[in-house]
Structure formats: C-alpha cells, structure tokens
Amino acid sequence: MGTKAFNSKVLKEESRPSIVQRMENQERQKKFEQKQKEVEKEIRQEQREALKQGIRPKFVTNKEKSLRMAEDEWALIPDQHQRTIVHIDVDCFYAQVEMVRDPSLRDKPLGIKQKNLMVTSNYVARSMGVKKSMWIKDAVKILPNLVFVDGSDLTHYRQFSTEISAVAQSFTPNVERLGLDENYVDITDIVGDYISPEYSAIEGHVFGDKEEDRKVLGDPCGCGCLQRLTAGSHLAKKIRQQILETTGITCCAGVAHNKLLAKLVSGYYKPNQQTVVFPWQAHDVMESLKQARSIPGIGSTTFKILEDLNISTVQELQNASLSTLHTRFDEETSKRLKDLSYGIDEGLVRKSGKPQSIGLEDAFKKTSKQKSWDLTSQTHQPAKGRLKQKVKERKPQRLKPKALLNLM
DNA sequence: CTGGATGAG
DNA sequence: CATTCTCATCCAG
C-alpha cells in the first residue's frame, strides 16, 4: 500500500534514484532472492529427510516461508521511503490555550489542574523546576506562587484543537488527529511543490543535529527521500507558522517517511521547534530509546509480555528471533514488533472523523442506513441520548476504504 | 454487531 | 496518590 502512495506529481518532480542507489537496490533485491532460494532449499532438504525417515513431509505454507526468511535477515526486507509525514505536537497544550485566552498569564508560572493533579504546566513554570505533571501539593511545594487554572472543562481545548487541525487540513485533507494536541499530516501529495532550489536547505533541526547530517553532499538513499524530507521540513515550518498566526499556539513538528519516526523525533527539540529525520538515521533514533516500552504501539501489556521473554530494550527486541516472539504473539504482531524496533512503520495516516466534541449540547445528525456520515441529513438526535449511542453513531465502525474517501 | 483488550493522550 | 477518563482500533464470539 505504501509503495503506491506517491502521486504522479511527486513522481515527476522528485529526483530519480541515482545510479548508485539503483545498484544498491538491485544488490538488496538479489540478496533477498538469494535468501528466498536458500529457505526453499532448506525446506526441500527437510522434506527429503522426512521422507527418508518414512515420515510424511509437512506442508510448508507461504506464510511460514516468509517468516523463516525474515528470521535472520530482517534488514533485507525492503523499506520504502515514498511518503512524507509530519507529526505536529502542540507545546503544553492546555497551558497555551489558557495563555492565549488570558495573555496576562504568559509570563507567570502556570499550572492547569484537574482534581488534585496538575496535568500540565507552561514553560515558565517548568523553568522553575515544576514538572510536566505533578500532584498539586508537590507543585505548590516547589513553587508557592504557581498560578492555577482549572482545566476540567475541555470545551475551549476542543475548539483550539479543531482549529489547529483545520489549519493542517487547509494544506491537505490527509490529517489524522491523535488526542487533542497531536496531528499526523501526510504531505506526500503536496511535498513536490516544495522541492526546489529555493528550499534546498533543511528547515529546523536534523535529528542528531550534527553538521554532517545537514550537508547535502552524498545522498545515502537516492530514492528521492532526501529531497522530499527537506521540502517537508519547509512545509512543516509553514504549517506551524500558519497555526501560530491563526490560533496563537506554538507547536513542534517531526518530519519523516513514516508515522513512527515522525512522532519519535517531533519532541526532540522543544518547545516551538522542529526536527527532520532521514531513513538512514532510523537506527540511531531507535537506539536513542532505551526501553522498548517507549516505542509508540508498545503499551504496558505488550511490554509485560516482552519482559517475560527477557526482552526490554529496543536492541533486545531487534535481536529477538521471530520464533521467540511467536511463542507469545501471533505472527502479524511478532513482525510488527520487529518492524517497530527497526523504525519501520507502514501505518497510514488516516483521515480523522468529524470535528470532535462530545459536549452535552451537541446534537447529532446521522443517516439512518448509510454507512457514511452525511451532515446534510435531517435526522436530528438530541445529545441527551446515551453516550454509548452517540459513540456508536459517530463511528460507523470499520469503514470500507471507499466510504473513507467520502469522509471529508 | 458487539464487548473486551489494547494503547494513546 | 502515576489517577481517571475519553477515544480509536482490532478481533473473537
């Protein structure tokens, strides 16, 4: 799927793979096919053995074959870099919203509280030793003059959140919301417009931020990702600027060829900064994480199971054999875990559903039998209806890809 | 179709 | 006192 995701414009305008790269790719492909042959030979050998011993040879499925191939040579599996993804992460979201709503808070240490918990704080507070999230009493101990705003009512945060997403959506419809303060933007379709000499320098940070990473000399890949990601850094900057202009909110951005890396690097330089990472740096990014738990997609449950298998660092996960993982996870998950450990992520940016808001005053319109939303439909349901019913209505569960296209 | 698991914020 | 809640996705029953 990812392989055919680039559109014609990008194809036209991006530089073609260099000769060196084409050769490297051929080399890789050859190795891959070689491995394939080896595995098949192995299997035939095993079957012959079985026959010799009078045992009926077991049938080896293609799936099993690919699993075996991947076993030793995971890195040989081609990782494509056709997409360009931006992950946008708002700086201390709630605190910023409050500071925009009341500018007098700007230069004061500010904490947003919910119940007994300070859920976030502004950077003034953080510079004075207050952590992101703390118990109120602990925060006050550190900073007696900390100003608190109650953040139990999410209405304003939702409004700002949709505004921010709307800015991104004005660039491309391919925007996926993640919570209230994060957005994935797949800019593959529009990044071609920014590939030009005018944008040849990288905007913002490069992961690692060494001078050598900035130099355009040598293109380690040649598939065009260098140009696309460079252009992407300019687009990311533009999106961030626009967000700032229209909402007064600053944010960070990460630019990469997949969601995983974009998200991992977006917070690398904070606040109000951005970072691009190139495919050949994927290993460095992953190694910069110690625990496998800090990989998005590996939650507490999965991590516990990994620990059972004596796997807790990213590196241990990289080195874990598929068969080991397979003892506790299904095959797809096992592969997925290995992919993640190498910074490989084919996950698509999915257009998020309708403007979020779950407030009590909200009414819903739904089409009675259609599987897609149609806001022009007349059916009107008082929001009073059970939450559950609302949720059911607004998420027409698994949308067929076709229906998804109609969503915007 | 639905409830439980899982994960993110 | 690492809490509680909301939301999305996946899948087995």
Side-chain angles (χ1 to χ4, degrees), chain A residues 87-97 111-121 130-141 150-155 157-158 160-162 164-165 175-184 251-252 254 259-260 262-264 266-267 270 289 291-308 328-337 340 345-360 362 364 368-369 371 373 383 386-401 403-404 407:
Chain A
H87 178 262
I88 294 172
D89 194 341
V90 180
D91 307 318
C92 52
F93 181 45
Y94 290 3
Q96 271 209 85
V97 170
I112 307 300
K113 68 169 174 136
Q114 282 171 356
K115 305 270 180 75
N116 295 324
L117 193 63
M118 182 185 70
V119 289
T120 192
S121 51
V130 172
K131 299 291 177 201
K132 230 187 304 198
S133 128
M134 292 173 88
W135 294 113
I136 303 279
K137 54 171 190 176
D138 297 334
V140 174
K141 245 180 260 168
D150 187 86
S152 316
D153 182 359
L154 302 186
T155 312
Y157 307 141
R158 292 206 181 92
F160 273 83
S161 175
T162 48
I164 288 165
S165 292
V175 177
E176 175 179 340
R177 293 162 51 77
L178 197 61
L180 290 180
D181 64 344
E182 293 180 29
N183 288 273
Y184 285 110
C251 52
C252 288
K259 285 166 71 174
L260 172 62
K263 174 164 176 127
L264 284 176
S266 69
K270 293 198 283 199
L289 311 171
Q291 297 283 299
R293 176 65 175 82
S294 39
I295 298 175
I298 297 182
S300 55
T301 309
T302 305
F303 186 62
K304 242 176 231 137
I305 299 174
L306 285 175
E307 278 184 312
D308 279 354
R328 299 291 296 274
F329 303 101
D330 65 32
E331 191 179 321
E332 280 315 301
T333 308
S334 303
K335 285 183 176 171
R336 169 94 181 128
L337 290 171
L340 290 175
D345 175 22
E346 298 292 331
L348 301 179
V349 173
R350 303 176 150 214
K351 283 200 260 291
S352 288
K354 283 304 92 219
Q356 290 280 59
S357 62
I358 269 234
L360 279 171
D362 275 359
F364 275 83
S368 34
K369 286 170 190 168
K371 293 227 156 131
W373 292 306
R386 302 185 58 75
L387 247 171
K388 202 161 184 184
Q389 193 183 352
K390 290 208 287 187
V391 170
K392 223 191 310 183
E393 285 165 9
R394 71 210 292 270
K395 82 167 178 191
Q397 78 297 348
R398 300 152 250 283
L399 284 170
K400 300 259 160 74
L404 254 179
L407 260 188

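We name chains A, B, ... by the order of the sequence lines, and we start the count at 1 in each one.
Taking atom OH of A:Y94 as the reference point, atom P of C:dC5 lies 14 Å away to the nearest angstrom. For the pair A:W135 CH2 and C:dA2 P, the interatomic distance rounds to 7 Å; values are reported in whole Å. Atom OH of A:Y157 and atom P of C:dT6 are 16 Å apart (whole Å). The distance between atom CD1 of A:I136 and atom C1' of C:dC1, rounded to the nearest whole Å, is 12 Å. Spacing between atom CG of A:D345 and atom P of B:dA8 amounts to 12 Å, rounded to whole angstrom units. Atom CG in A:D138 sits roughly 10 Å away from atom P in C:dA2 (whole-Å rounding). Protein atom CD1 of A:I112 is 18 Å distant from nucleotide atom C1' of C:dC5, rounded to whole Å. One atom, CG of A:L337, and another, C1' of B:dG7, lie 13 Å apart when rounded to the nearest Å.
Comparing B:dA8, B:dG7, C:dT9 by their nearest atom to the side chain of A:R350 picks out C:dT9. For A:N116, whose side chain is taken as the heavy atoms from C-beta onward, the closest listed nucleotide among B:dG7, C:dT3, C:dC1 is C:dC1. When distances are taken from the side chain of A:R293 to each of B:dT6, C:dC1, B:dA8, the shortest belongs to B:dA8. For A:P296, counting side-chain heavy atoms from C-beta on, the closest listed nucleotide (C:dA2, C:dC10, B:dA8) is B:dA8. Side-chain proximity of A:S133 to C:dC10, C:dA2, C:dC1: nearest is C:dA2. Which of B:dG7, C:dT3, B:dA8 sits closest to the side chain of A:L117 comes down to C:dT3.
Contact between the side-chain N/O atoms of A:R336 and the OP1/OP2 oxygens of B:dG7 is not found at any separation under 4.0 Å. A:T301 has a side-chain polar atom (N or O) that falls below the 4.0 Å cut-off from OP1 or OP2 of B:dG7.
Using a 4.0 Å heavy-atom cutoff across all strands shown, A:I298 reaches sugar-phosphate atoms only and no base atom. Within the 4.0 angstrom heavy-atom criterion, only backbone atoms of the sugar-phosphate kind lie near A:E182; the bases stay farther away.
Counting heavy atoms from C-beta outward, A:S266 and A:E182 have side chains that stay 4.5 Å or more apart. Side-chain contact check for A:Q291 versus A:F303: some heavy-atom pair is nearer than 4.5 Å.
Of all heavy-atom pairs spanning A:R350 and A:E176, the tightest one is N-OE1, 2.7 Å. Contact detail for A:L154 and A:Q114: the closest heavy-atom pair is CD2-NE2, 3.9 Å.
Closest-nucleotide positions on DNA chain C for A:D330 and A:K137 were compared, and the one nearer the 5' end corresponds to A:K137.
To the nearest 0.5 Å, the span separating CD1 on A:I88 from OG on A:S165 amounts to 8.5 Å.
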